[in-house]
Amino acid sequence: MFGGRVGDADLANNWQKVVGADISKISNLVAIKTTRYKKFNIVVRPVSPAFALELSYKIDDIKTKVNKYYGRDAVGKITIRK
């Protein structure tokens, strides 16, 4: 699911620290895929279908926080999978 890259596993292990308690309590990190342009496509799933809309409002926050964690423009796309 997360592949063998250290960065992927590190993000998965630190999801709550990276995105904060408000986002991590309503979402689970499902997958991280790397594009040929070395950007991450991140797939998140709401813990309940009721949180899907709220999570969609937080996409920009997630992208900003993950980019800050990596110290570069690392996120290409964030997908919410229900």
Side-chain angles (χ1 to χ4, degrees):
M1 180 183 304
F2 294 110
R5 292 174 299 278
V6 175
D8 295 4
D10 193 45
L11 180 61
N13 290 334
N14 294 301
W15 182 246
Q16 182 176 0
K17 293 177 189 175
V18 173
V19 297
D22 60 326
I23 295 172
S24 68
K25 72 180 179 184
I26 65 168
S27 68
N28 293 315
L29 181 61
V30 176
I32 304 169
K33 301 171 186 173
T34 304
T35 67
R36 62 182 165 162
Y37 303 110
K38 305 297 182 196
K39 297 255 186 181
F40 293 127
N41 287 345
I42 297 173
V43 180
V44 294
R45 177 175 286 141
V47 294
S48 165
F51 291 119
L53 182 60
E54 182 178 349
L55 191 57
S56 72
Y57 294 142
K58 297 181 183 279
I59 290 294
D60 289 336
D61 291 339
I62 296 170
K63 187 173 184 176
T64 300
K65 290 177 180 188
V66 172
N67 284 338
K68 183 178 177 184
Y69 179 71
Y70 281 107
R72 62 181 178 93
D73 186 23
V75 179
K77 180 179 173 185
I78 297 177
T79 303
I80 299 173
R81 185 178 296 159
K82 298 177 185 180

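When a residue number appears, it is its place in the shown sequence, counting from 1.
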Asker: Could you tell me the separation between the NZ atom of Lys58 and the CG atom of Leu53, rounded to the nearest 0.5 Å?
Answerer: 11.0 Å
Asker: Output a table of donor-acceptor pairs, distance under 3.5 Å, between side-chain atoms of residues 20-28 and any protein atom two or more places apart or on a different chain; print 'none' if there are none.
Answerer:
unit_1	atom_1	unit_2	atom_2	d
Ser24	OG	Gly20	O	3.1
Ser24	OG	Ala21	O	3.4
Ser27	OG	Trp15	NE1	3.4
Ser27	OG	Ile23	O	2.9

Asker: Hey, is the main chain of Val75 close enough, under 3.5 Å, to the side chain of Asn67 for a donor-acceptor pair?
Answerer: yes
Asker: Determine the minimum heavy-atom distance between Ile32 and Leu29, stating which atoms define it.
Answerer: CD1-CD2, 3.8 Å
Asker: Any salt bridge (charged side-chain N to carboxylate O under 4.0 Å, His left out) pairs touching residues 68-82, not counting sequence neighbours?
Answerer: Lys39-Asp73
Asker: So, do Ile78 and Asn41 sit near enough that their side-chain heavy atoms are less than 4.5 Å apart?
Answerer: no
Asker: Let me confirm one number: the CG-CD1 distance from Asp61 to Ile59, rounded to the nearest 0.5 Å.
Answerer: 9.5 Å
Asker: Rounded to the nearest 0.5 Å, how far apart are OH of Tyr69 and CG of Leu11?
Answerer: 6.5 Å
Asker: Using 0.5 Å steps for rounding, measure from the OG1 atom of Thr34 to the CD1 atom of Ile42.
Answerer: 9.5 Å
Asker: Looking only at heavy atoms, what is the nearest atom pair of Arg45 and Leu55, with distance?
Answerer: C-CD2, 4.3 Å
